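Working notes for the structure below.
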Number of protein chains: 2
Amino acid sequence: MVTMRDVAQRAGVSIATVSFVLNDTKPVTAATRRRIEQAMSELGFRRNVVARALASRRTHIIAMAYPALDHKFGFTAAEFFTSAADAARKQDYHLVLWPVGNDGTELTELVGQGLVDGVVLMEVQLDDPRVGILQETGTPFALIGRTTELAGLDHVDIDFDTTVEEAVGYLHGLGHRRLALISGNLKDPVFRTYGPYVRSEAAYRRVAAEYGLETVVLESGGSTRAGQEAAAQLIREHPETTAVLVVNEFAALGVLSGLTRLGHNVPADISVLPLLMSPETAAMSDPELTIMRTPGPELGQLGTEALIRQLEGATPLPPQLIPATLHPAGSTAPPRSPGDR
Amino acid sequence: MVTMRDVAQRAGVSIATVSFVLNDTKPVTAATRRRIEQAMSELGFRRNVVARALASRRTHIIAMAYPALDHKFGFTAAEFFTSAADAARKQDYHLVLWPVGNDGTELTELVGQGLVDGVVLMEVQLDDPRVGILQETGTPFALIGRTTELAGLDHVDIDFDTTVEEAVGYLHGLGHRRLALISGNLKDPVFRTYGPYVRSEAAYRRVAAEYGLETVVLESGGSTRAGQEAAAQLIREHPETTAVLVVNEFAALGVLSGLTRLGHNVPADISVLPLLMSPETAAMSDPELTIMRTPGPELGQLGTEALIRQLEGATPLPPQLIPATLHPAGSTAPPRSPGDR
DNA sequence: GCAGATCGGTAAAGCGGTTAACTGGGGTGT
DNA sequence: ACACCCCAGTTAACCGCTTTACCGATCTGC
């Protein structure tokens with residue numbers, strides 16, 4: 001292994017000077033800098049990040065904590081992760097994916113070891129025990145998602161209000177007047193306290209009221225199967241519905257296939273519009289779903305950047321809310337009789 | 001931060017002794033061990049893994065290198081990862097997911113820094129440049145998948161022969177005599193050298209011959225869209241087919257929806273059986289696909305264990321090949337006229 | 001022209017562990 | 001009773017890098 005000592009020797013300088021050019025932390029004349037850089041490349045030097053971490057008490061590693069149990073790691077989560085990893089790399093950090101339980105014991109374990117400088121928390125619950133743990137241990141962190149109590153927490157999240165406004169506006173513009181929302185399963189404590197369900201439902205009720213629409217909200221679990229059942233329930237209880245919004249992306253797939261199976265043509269008979277879905281997931285459906293695209297890449301990047309700002313002692317940016325964006329495809333169309341009530 | 005020094009002081013021993021009980025690396029009397037353990041728990045000591053790594057030249061971190069660009073990180077990959085992470089944790093290692101390009105520059109970067117003890121390589125190409133890099137740098141590694149040249153490489157992989165035998169046997173047992181395989185896109189260099197396509201196609205040709213069946217093989221990209229196109233081609237060119245095997249899981253979803261869209265009922269008119277799919281992906285389809293389940297959890301675990309054995313200097317296990325297992329569901333059924341030729 | 005500031009560079013003390021070499025107090029065998 | 005070994009513990013030298021003093025030489029202002 002080539003160490004800084006070797007480089008220093010070959011360049012005829014002290015090891016400290018090498019460190020200074022490496023980190024750009026003290027001025028060095030162009031000449032010596034050149035000598036050192038040449039020595040480094042000749043020797044194929046790579047700084048040992050472990051030693052650096054020990055000496056500087058900064059590992060430059062940040063963990064993305066993902067609750068492996070409660071949420072499936074699908075395409076959407078992958079988008080968050082890869083964009084976050086890219087953002088981290090651009091700033092000379094490593095980002096690693098860390099599967100943790102939702103209770104926080106593994107999280108305690110993780111941060112106690114001094115391996116990571118900070119944590120990006122995904123799939124945050126409205127009242128998330130992990131936030132408390134991170135605060136107690138003094139670990140820097142940023143949230144993707146929001147707890148109820150936000151005082152001073154670095155976070156980024158989906159702008160549910162704008163998302164729902166755009167979704168409803170789009171459907172209304174097509175002529176739909178009989179909408180329904182398929183939200184989360186309120187009997188499941190995990191999802192009852194899960195921001196996306198709670199916030200998009202609230203936004204939907206508000207926006208629907210503004211448009212003077214009747215508000216139909218059904219519950220559904222977060223699986224394709226549950227979505228199919230919700231579709232059946234919708235047809236049974238609200239057959240007049242011409243367009244349906246679905247919060248969960250897997251449920252949305254089920255709603256689509258459930259409606260089709262029951263003999264309803266999407267989009268001719270009824271439009272389906274997921275409020276949060278990745279393009280990859282949408283591409284798997286037939287017809288391809290019109291979606292509100294989850295701003296995964298944006299949020300992954302912003303969350304990571306917020307954390308890094310915090311780590312570097314920069315002034316924190318205000319929390320950012322990013323709306324999902326409409327990507328029209330094949331699951332939405334005007335209702336059979338436009339303006340029908 | 002509580003250090004070993006603090007623990008040693010409180011227990012009235014030297015810091016070395018603390019290290020010995022921590023790592024169980026030298027005998028310590030029950031009495032002192034108890035004192036030390038008590039001191040540790042009273043102080044809430046957690047060993048600093050960075051310092052340990054520096055001193056022992058072992059970070060106890062292993063990276064799972066995933067080629068983020070060429071392959072989508074879906075449910076199947078997630079299965080590999082989580083099971084590998086679990087296996088690692090059980091043996092006192094951390095496993096992190098590391099997105100790398102397929103060329104290997106980022107991999108060089110990663111292993112040069114001394115951050116990881118070893119690498120688990122996923123989605124191995126038949127002739128993978130990354131393998132060479134790891135060998136040159138002397139990094140321990142294990143493969144999930146296989147290169148063509150296997151001499152002495154630790155690896156685990158899918159047992160394509162058994163998988164295809166079981167799949168074809170199952171369909172044959174249902175009465176199917178007109179099968180087709182939808183494999184990878186041979187025009188795409190990435191997939192032409194991708195083991196699962198090459199090996200399952202070879203196995204299919206062999207097994208089909210054994211059964212005395214005509215061998216129909218179509219190409220397809222690895223997307224839902226491509227699968228739909230392959231389905232159309234199949235109907236056009238081989239309308240007599242009663243059952244179709246699909247290698248790629250996303251293509252399989254497309255084959256299913258493509259057939260349905262063209263007015264063919266699955267499974268009544270034609271059976272669809274993906275050779276490699278995760279249950280989560282299967283659950284998203286309608287009808288739910290009968291699948292050969294990718295042995296992701298098994299392979300993730302075995303690959304990690306193989307690497308750890310190598311790291312610990314244990315005698316390597318022979319390479320293991322695990323077949324995918326049949327999970328019957330709704331996409332397979334006897335052909336319309338059993339035994340039809 | 002001289003004190004003081006500035007600037008490029010060095011020496012050395014850690015960071016929190018691991019681990020080889022060593023110590024000293026019993027047991028053993030003869 | 002003596003040499004020897006064994007065993008639990010200790011001492012101290014690293015691991016490779018960061019960072020704070022510190023130092024001598026050159027610049028700067030008056």
Side-chain angles (χ1 to χ4, degrees), chain A residues 1-37 39-40 43-61 92 94 111-117 311-313, chain B residues 1-37 39-40 43-61 92 94 111-117 311-313:
Chain A
M1 163 170 264
V2 183
T3 71
M4 276 179 36
R5 178 177 263 82
D6 303 326
V7 174
Q9 203 167 331
R10 173 174 261 252
V13 297
S14 79
I15 155 178
T17 310
V18 177
S19 174
F20 296 146
V21 345
L22 219 41
N23 302 310
D24 203 29
T25 141
K26 255 187 113 177
V28 169
T29 44
T32 37
R33 154 168 278 122
R34 250 203 18 260
R35 285 216 316 287
I36 291 173
E37 277 165 355
M40 293 200 301
L43 270 51
F45 169 79
R46 316 199 79 93
R47 74 134 84 53
N48 181 318
V49 302
V50 176
R52 158 149 101 144
L54 180 58
S56 66
R57 260 139 301 178
R58 305 282 304 282
T59 63
H60 278 234
I61 298 177
D92 192 26
H94 290 309
V111 301
Q113 301 181 124
L115 223 197
V116 302
D117 288 348
L311 291 174
E312 312 257 295
Chain B
M1 164 168 267
V2 184
T3 72
M4 275 178 37
R5 179 175 262 84
D6 303 327
V7 174
Q9 203 167 331
R10 174 174 260 251
V13 298
S14 81
I15 155 177
T17 310
V18 177
S19 175
F20 296 146
V21 346
L22 219 40
N23 301 313
D24 203 27
T25 144
K26 256 187 111 175
V28 169
T29 45
T32 39
R33 156 167 275 122
R34 250 202 20 257
R35 285 215 318 286
I36 291 173
E37 278 165 354
M40 292 200 304
L43 268 51
F45 169 79
R46 320 198 76 93
R47 75 136 84 50
N48 181 319
V49 302
V50 175
R52 160 151 99 143
L54 180 58
S56 66
R57 261 139 299 179
R58 305 283 303 283
T59 63
H60 278 235
I61 298 178
D92 192 26
H94 289 310
V111 302
Q113 300 181 121
L115 223 198
V116 303
D117 288 347
L311 291 173
E312 312 257 298

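Just so it is clear, the structure is predicted and the values come from calculations on it, not from any experiment. Numbers restart at 1 for each chain; the letters A, B, ... are given by sequence-line order, proteins then strands. Every heavy atom of this structure was used, including side-chain atoms; hydrogens, water molecules and symmetry mates were not.
- The side-chain heavy atoms of B:Asp24 and B:Arg33, taken from C-beta on, include a pair separated by under 4.5 Å.
- Taking 4.5 Å as the limit, some side-chain heavy atom of B:Glu312 sits within range of a side-chain heavy atom of B:Arg58.
- Looking at residues two or more places apart in sequence or on another chain, you find a side-chain contact (heavy atoms from CB on, under 4.5 Å) between B:Val49 and A:Gln113, A:Leu115.
- Taking atom CZ of residue B:Arg35 and atom C1' of nucleotide D:dA8, one finds them 12 Å apart after rounding to whole Å.
- At a threshold of 4.5 Å between non-hydrogen side-chain atoms, the residues B:Thr3 and B:Asn48 do not count as touching.
- Between B:His60 and B:Asp117, some side-chain heavy-atom pair lies under the 4.5 Å cut-off.
- Helix bend of the helix from C:dG1-D:dC30 to C:dT30-D:dA1: the angle between its two end axes, each built from five pairs, comes to 30° after rounding to 10°.
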- Query: Base, backbone or nothing for each nucleotide of nucleotides 13-22 of chain D, written B, S, -, heavy atoms under 4.0 angstrom, 5' to 3'?
  - Reply: --BBBBBBB-
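- Closest approach to the A:Ser14 side chain among C:dT10, C:dG8, D:dG9 is made by C:dT10 (side chain taken as heavy atoms from C-beta onward).
- Under a 4.0 Å N-O distance rule, the pair A:Asp92/A:Arg47 does not qualify as a salt bridge.
- Of all heavy-atom pairs between B:Val50 and A:Ala53, the closest is CG1-CB, 3.7 Å.
- Rounded to whole Å, the distance from CG on B:Asp24 to P on C:dG17 is 18 Å.
- A heavy-atom distance below 4.5 Å is found between the side chains of B:Phe45 and B:Leu22.
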